[in-house]
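Take a look at the structure below.
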Amino acid sequence: ISGAWLGRICGCMLGKTVEGIRTDELVPFLKETGNYPMHRYILSTDVPLEKRSQYKFYFNAPACADVVDGMPVDDDTNYVVLSQLIVERYGKGFKPENVAEASLNYQSIYSYFTAERIAYVNFINCIEPPASAMYKNVCREWIGAQIRGDYFGYICPGDPETAAEMAFNDARISHVKNGIYGEMFVSAMLACAAVTDSIEDIIKGGLAQIPAS
């Protein structure tokens, strides 16, 4: 679990400096800084002030690996912490309404983006799950829920079914259909990964939790 959490942080940190950049700017930038194919973190020396004006993208220089002394706040890692708080408070059998309540209690609207932010607005307007996932939510089949599912896999080693069930109840606050299945898939794969080194078995274990229909 420690390794999974650290790996998640490392992955988020790797992309945080350039999150949202387009390929037509990212590839030339990486080539210019001797980091293509990408093999190290982006450093503040890669994006000095005089260089930034060359790009349309606004570089998140304060998040560069040689500037920070820890992982900056990030919605992806926030979700893992929030999931732990939800399970601690409501147990593994938590319901979507519990997730909505925890979201309002523990985080501000600025912690969320796309489908989650729309769902948050719906909570404030007393629109509860599963309606909160659908009302005016054009992002309801995006990957937001998919990035929220890690913790449920962490705490269900060898039990992908339980991990997927928790992911289902988590995802329903903000997503439908493929948006939900994405989180179930990831959570189940992580549960499988705790007990096997076979990538094929891990993927099949995740797919096994997706409804055949």
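Note: hydrogens, waters and symmetry copies are ignored here, and every other heavy atom, side chains too, is used. Residue numbers start at 1 and run along the sequence shown.
Linking Ile, Leu, Val, Met, Phe, Trp and Tyr residues whenever their side-chain heavy atoms come within less than 4.5 Å places L190 and W5 in a single cluster. Following chains of ILVMFWY side-chain contacts shorter than 4.5 Å, one cannot reach L6 starting from Y41, and the two form parts of different hydrophobic clusters. Cluster membership for L30 and Y58, using ILVMFWY side-chain heavy atoms within less than 4.5 angstrom, is not shared. At a threshold of 4.5 Å between side-chain heavy atoms, the hydrophobic network of Ile, Leu, Val, Met, Phe, Trp and Tyr places I9 and V18 in one connected group. Note on F123 and Y90: same hydrophobic cluster, where clusters join Ile, Leu, Val, Met, Phe, Trp and Tyr whose side-chain heavy atoms are under 4.5 Å apart, directly or indirectly.
The heavy-atom pair separating A133 from R140 by the smallest distance is O-CB, 3.3 Å. Here the shortest heavy-atom pairing between P157 and V195 reads C-CG1, 4.3 Å. Smallest separation of non-hydrogen atoms from I173 and S132: O-OG, 2.8 Å. Nearest heavy-atom pair across M13 and P72 is SD-CD, 3.6 Å. Shown here for E183 and A171, the closest heavy-atom pair between the two residues is OE1-CB, 3.3 Å. The minimum heavy-atom distance between P160 and G205, with the atom names listed, is CB-O, 4.4 Å.
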Requested in this report: Could you walk me through whether N169 and N98 pass the side-chain contact (heavy atoms from CB on, under 4.5 Å) test, one step at a time?
Outcome: CA-CA 9 Å; N169 285 320; N98 302 140; over 6 Å; no
Report task. Just do the side-chain contact (heavy atoms from CB on, under 4.5 Å) check on D201 and M189 with the steps written out, would you? Result -> CA-CA 9 Å; D201 288 346; M189 283 196 297; over 6 Å; no
Query raised in the report: Does the side-chain contact (heavy atoms from CB on, under 4.5 Å) test come out yes or no for I42 and F59, once each step is laid out?
Result: CA-CA 10 Å; I42 293 172; F59 286 95; 5.8 Å; no
Requested in this report: Give the C-alpha distance, both sets of side-chain angles, the deciding distance and a yes or no for side-chain contact (heavy atoms from CB on, under 4.5 Å) between F113 and D75.
Outcome: CA-CA 8 Å; F113 302 91; D75 57 318; 3.6 Å; yes
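With sequence neighbours excluded, no residue forms a side chain to side chain donor-acceptor pair (under 3.5 Å) with R172. With sequence neighbours left out, the salt bridge (charged side-chain N to carboxylate O under 4.0 Å, His left out) criterion links K95 to no other residue. When the side chain to side chain donor-acceptor pair (under 3.5 Å) test is applied to N178, the partners found at least two apart in sequence or on another chain are E141. With sequence neighbours excluded, the residues satisfying salt bridge (charged side-chain N to carboxylate O under 4.0 Å, His left out) with D74 are K16. Listed by chain and residue number, nothing satisfies the side chain to side chain donor-acceptor pair (under 3.5 Å) test with S111 (two or more places apart in sequence, or in another chain). Listed by chain and residue number, K204 satisfy the salt bridge (charged side-chain N to carboxylate O under 4.0 Å, His left out) test with E200 (two or more places apart in sequence, or in another chain). For R40, the salt bridge (charged side-chain N to carboxylate O under 4.0 Å, His left out) partners two or more places apart in sequence, or in a different chain, are D46. For S44, the side-chain contact (heavy atoms from CB on, under 4.5 Å) partners are C64, D66, V67, not counting sequence neighbours. Taking the side-chain contact (heavy atoms from CB on, under 4.5 Å) definition, one finds that A193 meets it with I202, sequence neighbours left out.
Hydrophobic cluster of I127: the remaining members, joined at side-chain heavy-atom separations below 4.5 Å, are Y135, listed by chain and number.
With rounding to the nearest 0.5 angstrom, the CE atom of M184 is 5.0 Å from the CD1 atom of I210. Note that CD of E165 is 9.5 Å distant from CG of D159, once rounded to the nearest 0.5 Å. Taken from SG in C192 to CD1 in I199, the straight-line distance is 11.0 Å, to the nearest 0.5 Å. Note that CG of L26 is 11.0 Å distant from NZ of K31, once rounded to the nearest 0.5 Å.
Within the 4.5 Å cutoff, side-chain heavy atoms of V121 are placed close to those of N125. Residues T162 and F152 fail the side-chain proximity criterion, which asks for heavy atoms closer than 4.5 Å. Looking only at side-chain heavy atoms (C-beta outward), V99 and L82 stay at 4.5 Å or farther from each other. With contacts defined as side-chain heavy-atom distances shorter than 4.5 Å, the pair R89/Y106 qualifies. Residues Q107 and Y112 meet the side-chain proximity criterion, which asks for heavy atoms closer than 4.5 Å. A 4.5 Å side-chain heavy-atom check between V186 and D150 finds at least one atom pair inside the cut-off. By the 4.5 Å heavy-atom criterion applied to side chains, S187 and Y151 are not counted as neighbours.
With hydrogens and angles ignored, the 3.5 Å screen pairs a side-chain donor or acceptor of N35 with a backbone N or O of H39. Between the side chain of N60 and the backbone N or O of T17 there is no donor-acceptor pair closer than 3.5 Å. Judged by distance alone, the side chain of K92 and the main-chain N or O of I155 form a donor-acceptor pair under 3.5 Å. With hydrogens and angles disregarded, a donor-acceptor distance shorter than 3.5 Å links the side chain of N137 to the backbone of S174.
Around CD1 of I143, the count of heavy atoms belonging to other residues, nucleotides or ligands within 6.0 Å does not exceed 12. Few gaps surround CD on Q146; more than 12 heavy atoms of other groups in view lie less than 6.0 Å from it. No more than 12 heavy atoms of other residues, nucleotides or ligands lie within 6.0 Å of CG in D197, so this atom counts as exposed by the packing criterion. For E128, the CD atom is loosely surrounded, since the number of other residues' heavy atoms within 6.0 Å does not exceed 12. Few gaps surround CD on E32; more than 12 heavy atoms of other groups in view lie less than 6.0 Å from it.
Residue pairs meeting the salt bridge (Lys or Arg N to Asp or Glu O under 4.0 Å) criterion with at least one partner in residues 108-120, sequence neighbours excluded, are E116-R148. Residue pairs meeting the ring-ring contact (aromatic ring centres under 6.0 Å, His included) criterion with at least one partner in residues 153-184, sequence neighbours excluded, are absent.
Checked against the 6.0 Å centroid threshold, Y110 and Y120 do not count as a close aromatic pair. Ring to ring, F57 and F29 are not that close: their centroids are 6.0 angstrom or more apart.
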